[in-house]
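First up is the structure itself, then whatever we jot down about it.
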Amino acid sequence: MPNYSKVDHVIFDLDGLLLGTEEIYIQIFSIILAKYDKKYTPELREKVLGTVEQDTCAILVRELNLSVDPQQIMTQQQLLQKEMLAGANLMPGAERLVRHLHSHGIPIAVATSSSEESVNVKLTKHRELFSLFHHIVTASSDPEVKRGKPNPDIFLVCASRFPDKPNPEKCLVFEDAPNGVKAARAAGMQVVMVPDESISEESKRPATLVLRTLEDFKPELFGLPAYTPTCVRRCE
């Protein structure tokens, strides 16, 4: 069994990791790109996953040779987000893990490439759960985050906002996107990846640990409090 280093702070990505927004984003970008007779392919999606909104739109314009300004794509994206993202559901295992860490006094935070406005829409149904996080860093609108993922800025800023300002090696990151994994590793942090099934094996390699779902995570591997055994089926 691999040896993992003990951590005492946890940082979560948001989209596709805690919230099931990725299918909604596929719809959003498919609608937008269809106007230009283009498709939002799995290969294109992997390139933009985890990037800040400005970078996402610039990548789409560049990769598809669109004769529009990235800002036009972003404006369309923001309009559709307001319509479609409020209904986002939690990913399997997300609520259990967040409440477990919080109940044991483990400092937790969110580091997302989204903007504050976008996050406010996504959390419409989940405000109580997300009130358990010490802070949320929104890279697309946070002036302290100079560069988006795969650069390490967002995770270093996020760690610095915990009251005790932990060293990066004491932080465990949860990510679903290859760009996020690269960013966490560049920040000097261990990272648990819970990728979409479309993500290539090559893109999973930098992760410290790869899981199928958050439900499979064992906190004790990283020196965190273990889950209390509970009955999976009805106890007789």
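For this chain, numbers begin at 1 and follow the sequence in order.
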Note to self: Please give the remaining members of the hydrophobic cluster of Val52, linking ILVMFWY side chains under 4.5 Å, ordered by chain and number.
What the structure shows: none
Item checked: Partner residues of Pro219 under the side chain to side chain contact (heavy atoms under 4.5 Å, CB included) criterion, sequence neighbours left out -> His100, Phe217, Leu224, Tyr227
Check: What residues join Met91 in its hydrophobic cluster, counting side-chain heavy atom gaps under 4.5 Å, either direct or through other members?
Finding: none
Next item on the list: Report yes if the distance between the aromatic ring centroids of His135 and Phe162 is under 6.0 Å, otherwise no.
Entry: yes
Next item on the list: Please list all pairs passing the salt bridge (Lys or Arg N to Asp or Glu O under 4.0 Å) test where one or both residues lie in residues 136-146, with sequence neighbours left out.
Entry: Asp142-Arg161, Glu144-Arg161
Check: Is the number of heavy atoms from other residues, nucleotides or ligands within 6.0 Å of CD (Glu117) greater than 12?
Finding: no
Notebook entry, point to check: Who else is in Met74's hydrophobic cluster (ILVMFWY, side-chain heavy atoms under 4.5 Å, direct or via others)?
Noted result: none
Next item on the list: Return the set of residues passing side chain to side chain donor-acceptor pair (under 3.5 Å) with Ser200 (not counting sequence neighbours), or none when no residue passes.
Entry: Glu46, Ser203
Check: Side chains of Phe12 and Ile108: does their closest heavy-atom pair fall under 4.5 Å?
Finding: yes
Notebook entry, point to check: Who are the side chain to side chain contact (heavy atoms under 4.5 Å, CB included) partners of Ala226, not counting sequence neighbours?
Noted result: Glu220
Next item on the list: Only counting residues at least two apart or in another chain, list the ones meeting side chain to side chain contact (heavy atoms under 4.5 Å, CB included) with Pro92.
Entry: Thr213, Glu215
Item checked: Qualifying salt bridge (Lys or Arg N to Asp or Glu O under 4.0 Å) pairs with a residue from residues 5-17, counting only residues at least two apart or across chains -> Asp13-Lys149, Asp15-Lys122
Notebook entry, point to check: Would you say Arg127's side chain and Asn120's backbone share a donor-acceptor pair under 3.5 angstrom?
Noted result: yes
Next item on the list: Please name all residues satisfying side chain to side chain donor-acceptor pair (under 3.5 Å) with Asp153, sequence neighbours left out, ordered by chain then number.
Entry: Arg147
Which side-chain N or O atoms in residues 30-40 pair as donor and acceptor under 3.5 Å with protein atoms at least two apart or in another chain?
from, atom 1, to, atom 2, distance (Å)
Ser30, OG, Ile26, O, 2.6
Lys35, NZ, Gln76, OE1, 3.0
Tyr36, OH, Gln76, NE2, 2.9

Notebook entry, point to check: With distance as the sole criterion, is a donor-acceptor pair present between the side chains of Ser140 and Ser114 under 3.5 Å?
Noted result: no
Notebook entry, point to check: Any side-chain donor-acceptor pair under 3.5 Å between Asn151 and Lys182?
Noted result: no
Next item on the list: Side-chain contact test, heavy atoms from C-beta onward, threshold under 4.5 Å: evaluate it for Ile199 versus Lys204 and give yes or no.
Entry: yes
Notebook entry, point to check: Does a side-chain heavy-atom distance below 4.5 Å link Phe29 with Arg45?
Noted result: no
Next item on the list: With sequence neighbours excluded, tell me which residues meet side chain to side chain donor-acceptor pair (under 3.5 Å) with Lys47.
Entry: Glu63
Item checked: Heavy-atom closest pair, residues Val191 and Arg185 -> CG1-CD, 3.5 Å
Checklist line | Under 3.5 Å side-chain donor-acceptor pair for Gln77 and Tyr25 | finding: no
Notebook entry, point to check: Does a side chain donor of either Thr138 or Ser141 reach within less than 3.5 Å of an acceptor in the other side chain?
Noted result: yes
